[in-house]
Engineer: 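What follows is a single structure, and I will ask about it in a moment.
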Amino acid sequence: MAKKLVEAITSMEEDFAQWYTDVVKKAELMDYSSVKGCMIFKPDGYALWENIQSELDKRFKETGVRNVYMPMFIPESLLQLEKDHVEGFAPEVAWVTKGGLNDLQEKLCVRPTSETLFCDYYKNAVESYRDLPQVLNQWCSVVRWEKETRPFLRSREFLWQEGHTAHATAQEAEERTQQMLNVYADFCEDYLAMPVIRGKKTEKEKFAGAEATYTIEALMHDGKALQSGTSHNFGDGFAKAFGIQYTDKENKLQYVHQTSWGMTTRLIGAVIMVHGDDSGLVLPPKLAPTQVMIIPVMQKKEGVLEKAAWLKDVLSNYRVKVDDSDKSPGWKFSECEMRGIPVRVEIGPKDIEAGCAVIVRRDTREKIQVSLDEINEKVGQVLENMQREMLERAREHRDAHTSVADTYEEFKEAVANKPGFIKAMWCEDEACEIKIKEETTATARCMPFAQEQLSKQCVCCSRPAKKMVYWGKAY
RNA sequence: CGGGGUUUAGCUAAGUUUGGUAUAGCGCUACUUUCGGGAAGUAGAGGCCGUGGGUUCAAAUCCCGCAACUCCGACCA
């Protein structure tokens with residue numbers, strides 16, 4: 001691990017929560033606003049979201065998704081149609097009760113999620129099997145009146161995408177649910193260099209109104225888990241509550257089967273906590289809004305700025321910038337590191353004379369002197385290596401922080417002393433899940449698709465085990 | 001929503017115990033010298049001391065509300 005160069009950032013070891021806040025501020029990703037729990041995305045923070053958005057959107061569209069936009073308000077009567085759903089969200093919705101100076105006839109909630117609006121739409125849009133499937137998505141913000149907020153991880157208004165689909169058969173809905181979870185998982189691993197565990201939520205942890213919830217779970221640097229994306233299969237529950245029926249080929253009325261799936265700006269928090277170090281943010285090259293920062297040294301010397309501009313041109317197939325502000329080079333180096341820019345190129349009179357430049361990799365701080373003739377190719381290699389090695393390193397960290405517990409004693413010991421995932425068998429009785437949570441604070445993160453038979457007994461009650469579960473403390 | 005902490009210039013803080021002209025460092029502006037890991041000098045600008053009440057001749061300071069931020073729980077993406 002590289003040594004700490006910037007005093008303004010608290011070290012992770014000392015205080016992880018403070019480290020996180022320091023990085024978020026120092027990397028200029030966000031500011032607090034005057035509305036409690038609502039944050040300001042600054043340009044560098046919003047640029048991360050824009051990149052996530054465009055890459056995900058591209059991947060969605062490859063699977064046939066189309067974008068729409070629904071209203072941001074939901075009439076109270078509509079929200080209440082599905083019982084589990086309204087019970088799940090009621091404690092945290094914000095209400096609009098006035099329009100101008102007058103009370104509204106029916107109060108409107110600010111959407112906490114839009115299942116009800118999509119259902120209301122599908123009720124009319126779907127008549128025949130020919131209208132199916134409906135595979136729609138929207139990019140928007142939603143509001144949940146959270147008690148405790150943290151930048152990117154939990155705010156009262158957050159940005160996300162929510163996909164909502166309707167299908168003719170249960171099987172088709174199930175396939176779409178899993179397909180989107182895989183899109184999410186591939187995106188996290190390939191684009192964010194963040195390894196995830198794919199699995200199913202327990203009954204207790206599943207989404208309000210869902211038949212099944214699938215999740216991807218990532219492990220943060222401090223050993224806490226972060227739910228990074230979810231995909232829900234609703235079966236025909238919402239269809240029955242909202243009356244969404246179609247006529248099949250045999251001219252019989254059938255209920256549709258629905259799914260929904262979402263990812264949020266919380267992913268930015270995940271990237272910070274998976275890859276960051278004591279000098280600040282570390283961005284995977286594919287995600288980084290600026291991939292290469294050129295820092296001229298002795299920039300007032302004749303020819304230096306010109307050479308830097310020339311270099312920018314040479315490297316123009318990457319997202320490249322020149323820092324020609326009149327700060328000292330040392331300042332600019334630190335600034336680059338705090339902001340997580342993957343590659344820094346130093347160019348000064350000495351380099352120009354020698355026909356080379358120094359390239360420095362953010363994650364390892366490795367410095368390489370390269371000839372200007374081959375710098376374009378070298379930078380490309382460094383970016384590629386960095387993307388790959390960041391994923392490998394995160395995977396190694398996760399594996400090193402995953403333990404196995406056969407007995408309840410081992411389990412308690414692991415929660416207390418080994419931050420990270422704990423793999424253990426479970427009988428599928430909610431009583432054990434609740435007991436574990438109350439006694440250890442660890443929750444069932446997911447039942448992974450890749451099941452292993454660790455033992456024959458439930459880690460909690462010793463009755464026959466049915467599922468292997470990843471447990472952990474979560475954000 | 002429960003428990004702690006914090007709130008004074010753009011940032012970090014001192015000053016509050018014991019009421020009496022609002023301070024410092026960094027940052028910012030201008031100029032000069034600098035420049036390979038947060039450079040220096042000179043001259044400037046910048047504050048309703050979170051907010052609303054109260055006590056007092058006098059409040060950053062004492063008293064009572066409220067709010068925001070932050071951390072730990074509970075809830076959640």
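Chain letters run A, B, ... following the sequence lines, proteins first and then strands; every chain starts at 1.
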Engineer: Would you indicate what A/R156 reaches in the nucleic acid, counting non-hydrogen atoms under 4.0 angstrom: base, sugar-phosphate, or nothing?
Structural biologist: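 Here A/R156 touches no strand at all.
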Engineer: Using a cut-off of 4.0 Å on non-hydrogen atoms, how would the nucleic acid contact of A/T21 be classed: base, sugar-phosphate, or nothing?
Structural biologist: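 Answer is sugar-phosphate: A/T21 comes under 4.0 Å of backbone atoms only.
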Engineer: Using a cut-off of less than 4.0 Å, is there contact between a side-chain N or O of A/K327 and OP1 or OP2 of B/C28?
Structural biologist: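 So the side-chain polar atoms of A/K327 do come within 4.0 Å of the phosphate oxygens OP1 or OP2 of B/C28, strictly under.
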Engineer: Identify which nucleotide among B/C69, B/A74, B/C72 has an atom closest to any side-chain atom of A/K147, counting heavy atoms from C-beta outward.
Structural biologist: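 So the nucleotide nearest the side chain must be B/A74.
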Engineer: Between B/U56 and B/C63, how far apart are the two P atoms, rounded to whole Å?
Structural biologist: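 Those two atoms are separated by 16 Å.
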Engineer: Checking all strands, does A/Q227 fall into the base, sugar-phosphate, or nothing category for heavy-atom contacts under 4.0 angstrom?
Structural biologist: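 Sugar-phosphate: the residue A/Q227, judged by heavy atoms under 4.0 Å, touches backbone atoms but no base.
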Engineer: Determine: side-chain N/O of A/R144 to OP1/OP2 of B/C75, distance under 4.0 Å, yes or no.
Structural biologist: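 False: A/R144 side-chain N/O out of range (4.0 Å or more) of B/C75 OP1/OP2.
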Engineer: Pick base, sugar-phosphate or nothing for A/K350, based on heavy-atom distances below 4.0 Å to the nucleic acid.
Structural biologist: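 Answer is base: heavy atoms of A/K350 come under 4.0 Å of a base.
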Engineer: Rounded to the Å, how far apart are A/K473 NZ and B/C75 C1'?
Structural biologist: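 Rounded to the whole Å, the gap is 17 Å.
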Engineer: Provide the distance between the two C1' atoms, one in B/C75 and one in B/U6, to the nearest whole Å.
Structural biologist: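 Rounded to whole Å, the distance is 25 Å.
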Engineer: Can you see if the side chain of A/T441 gets near the phosphate of B/A74 - specifically, an N or O under 4.0 Å from OP1 or OP2?
Structural biologist: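 Result: no.
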Engineer: Roughly, in whole Å, what's the span from CD in A/E14 to P in B/C71?
Structural biologist: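 In whole Å, B/C71 P and A/E14 CD are 15 Å from each other.
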Engineer: Rounding to a whole Å, what distance do you find between A/R150:CZ and B/C75:C1'?
Structural biologist: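 Nearest whole value for this atom pair: 16 Å.
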Engineer: Which value, in whole Å, describes the distance between the P atoms of nucleotides B/A14 and B/U32?
Structural biologist: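 About 38 Å, rounded to a whole number of Å.
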Engineer: Less than 4.0 angstrom from a charged side-chain N to a carboxylate O is my criterion; do A/E337 and A/R344 meet it?
Structural biologist: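 Answer for the salt bridge query: yes.
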Engineer: Taking the side chain of A/Y32 as heavy atoms from C-beta outward, which of B/G36, B/U70, B/G37 is closest to it?
Structural biologist: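 Between B/G36, B/U70, B/G37, the one nearest the side chain of A/Y32 would be B/U70.
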Engineer: Between A/K437 and B/C75, is there a contact of a side-chain N or O with OP1 or OP2 at under 4.0 Å?
Structural biologist: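 So the side chain of A/K437 is within the cut-off, an N or O lying under 4.0 Å from OP1 or OP2 of B/C75.
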Engineer: Could you please name the partner base of B/G27, counting Watson-Crick and G-U wobble pairs only when both distances are under 3.5 Å?
Structural biologist: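 B/G27 is unpaired by these criteria.
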Engineer: Would you mind reading off the distance between A/K206 atom NZ and B/C76 atom P, rounded to a whole angstrom?
Structural biologist: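 The distance from NZ of A/K206 to P of B/C76 comes to 14 Å, rounded to the nearest Å.
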Engineer: Mind checking the P distance from B/C31 to B/G10? Whole angstroms is fine.
Structural biologist: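 About 24 Å, rounded to a whole number of Å.
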Engineer: May I ask you to say what A/K36 touches in the nucleic acid, namely base, sugar-phosphate or nothing, with a heavy-atom cut-off under 4.0 Å?
Structural biologist: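 Sugar-phosphate only.
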Engineer: Please classify the nucleic acid contact of A/T213 as base, sugar-phosphate, or nothing, using heavy-atom distances under 4.0 Å.
Structural biologist: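 Result for A/T213 = nothing.
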Engineer: Taking A/D277 first and then A/R362, would you say they form a salt bridge - that is, a charged N and a carboxylate O separated by under 4.0 Å?
Structural biologist: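 Result for this pair is yes, salt bridge flagged.
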Engineer: Taking atom C1' in both B/C11 and B/U7, compute the distance separating them and give it to the nearest angstrom.
Structural biologist: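 Roughly 14 Å separates the two C1' atoms.
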Engineer: With a non-hydrogen cut-off below 4.0 angstrom, is A/G348 in contact with a base, only sugar-phosphate, or nothing?
Structural biologist: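 Answer is base: heavy atoms of A/G348 come under 4.0 Å of a base.
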Engineer: Within the structure shown, what part of the strands sits under 4.0 Å from A/K300 by heavy-atom distance: base, sugar-phosphate, or nothing?
Structural biologist: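 Touches a base.
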Engineer: Ignoring backbone atoms, test whether A/S328 places a side-chain nitrogen or oxygen under 4.0 Å from the OP1 or OP2 oxygen of B/A39.
Structural biologist: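 Indeed, a polar side-chain atom of A/S328 lies that close.
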Engineer: Mind checking the C1' distance from B/A40 to B/G25? Whole angstroms is fine.
Structural biologist: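 Nearest-Å result for B/A40 against B/G25 at atom C1': 16 Å.
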Engineer: Out of B/C75, B/G37, B/C71, which nucleotide sits closest to the side chain of A/R154?
Structural biologist: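 Closest nucleotide to the A/R154 side chain: B/C75.
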Engineer: Please classify the glycosidic conformation of B/C48 as syn (within 90° of 0) or anti (everything else).
Structural biologist: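 Syn, angle within 90° of zero.
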Engineer: Looking at B/C71, B/U70, B/G36, which one has an atom nearest to any side-chain atom of A/T149?
Structural biologist: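 Within the option list, the nearest is B/U70.
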Engineer: For the pair A/K25 and A/E28, find out whether any cationic side-chain nitrogen is under 4.0 Å from an anionic carboxylate oxygen.
Structural biologist: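 Looking at A/E28 together with A/K25, the answer is no, because their closest N to O distance does not fall below 4.0 Å.
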Engineer: Do A/E148 and B/C72 share a donor-acceptor pair, side chain to base, under 3.5 Å?
Structural biologist: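 In this structure, the two groups form a donor-acceptor pair.
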Engineer: Now, which nucleotide makes the Watson-Crick or G-U wobble pair with B/A59, with each of the two distances under 3.5 Å?
Structural biologist: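 Across all strands, not a single nucleotide pairs with B/A59.
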Engineer: Does the structure show a Watson-Crick or G-U wobble partner for B/G47, both distances under 3.5 Å? Name it, or say none.
Structural biologist: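 Partner of B/G47: none.
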Engineer: From CD of A/E346 over to P of B/C35, roughly how many Å is that when rounded to an integer?
Structural biologist: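 Interatomic distance, CD of A/E346 to P of B/C35: 16 Å.
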Engineer: For B/A39, give its Watson-Crick or G-U wobble partner with both distances under 3.5 Å, or none.
Structural biologist: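 Result: B/U33.
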Engineer: Should A/K307 and A/D351 count as an ion pair when the cut-off is N to O under 4.0 Å?
Structural biologist: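 Salt bridge flag = no for A/D351 with A/K307.
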Engineer: Checking all strands, does A/G37 fall into the base, sugar-phosphate, or nothing category for heavy-atom contacts under 4.0 angstrom?
Structural biologist: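 Answer is sugar-phosphate: A/G37 comes under 4.0 Å of backbone atoms only.
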Engineer: Nearest 0.5 Å, what's the CD-NZ distance between A/E430 and A/K437?
Structural biologist: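 Interatomic distance, A/E430 CD to A/K437 NZ, rounded to 0.5 Å: 10.5 Å.
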Engineer: Name the residue closer to the 5' end of RNA chain B, choosing between A/Q18 and A/E146 according to the nucleotide with the nearest heavy atom.
Structural biologist: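 Counting from the 5' end, the first nearest nucleotide belongs to A/Q18.
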Engineer: Let's test this: given Watson-Crick or G-U wobble pairing with both distances under 3.5 Å, identify the partner of B/C69.
Structural biologist: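 Partner of B/C69: B/G5.
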Engineer: Could you check whether A/V358 gets within reach of a base, just the sugar-phosphate, or nothing at all, counting any heavy atom under 4.0 Å?
Structural biologist: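 Answer is base: heavy atoms of A/V358 come under 4.0 Å of a base.
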Engineer: Do A/E55 and A/R59 meet the salt-bridge criterion of a basic N to acidic O distance under 4.0 Å?
Structural biologist: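 A salt bridge is present here (some side-chain N lies under 4.0 Å from a carboxylate O).
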Engineer: For the residue pair A/E174 / A/Y214, report whether a side-chain donor-acceptor contact shorter than 3.5 Å exists.
Structural biologist: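 Side-chain D/A pair, A/Y214 to A/E174: present.
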Engineer: Using the P atom as the point on both nucleotides, what is the distance between B/U70 and B/G27, in whole Å?
Structural biologist: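 These two P atoms come out 26 Å apart once rounded.
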Engineer: Decide whether A/T63 and A/R176 meet the rule of one side-chain donor and one side-chain acceptor closer than 3.5 Å.
Structural biologist: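 Present: a donor and an acceptor within the cut-off.
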Engineer: Below 4.0 angstrom, N of the basic side chain to O of the carboxylate: do A/K467 and A/E428 qualify?
Structural biologist: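 Salt bridge between A/K467 and A/E428, a charged N being under 4.0 Å from a carboxylate O: yes.
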Engineer: Starting at atom NZ of A/K25, determine the distance to atom C1' of B/C69, rounded to an integer number of angstrom.
Structural biologist: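 The distance from NZ of A/K25 to C1' of B/C69 comes to 10 Å, rounded to the nearest Å.
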Engineer: Over how many whole Å does the gap from A/K301 atom NZ to B/G36 atom P extend?
Structural biologist: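 Interatomic distance, NZ of A/K301 to P of B/G36: 11 Å.
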Engineer: Between B/U18 and B/A24, how far apart are the two P atoms, rounded to whole Å?
Structural biologist: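 The same atom, P, in both gives a distance of 27 Å.
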Engineer: In whole Å, what is the span from the CD atom of A/E438 to the P atom of B/G73?
Structural biologist: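 Atom-to-atom, A/E438 to B/G73, this comes out as 16 Å.
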Engineer: Would you mind telling me which residue lines up with the more 5' stretch of RNA chain B, A/C38 or A/I352, judged by nearest nucleotide?
Structural biologist: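 Final value for this comparison: A/I352.
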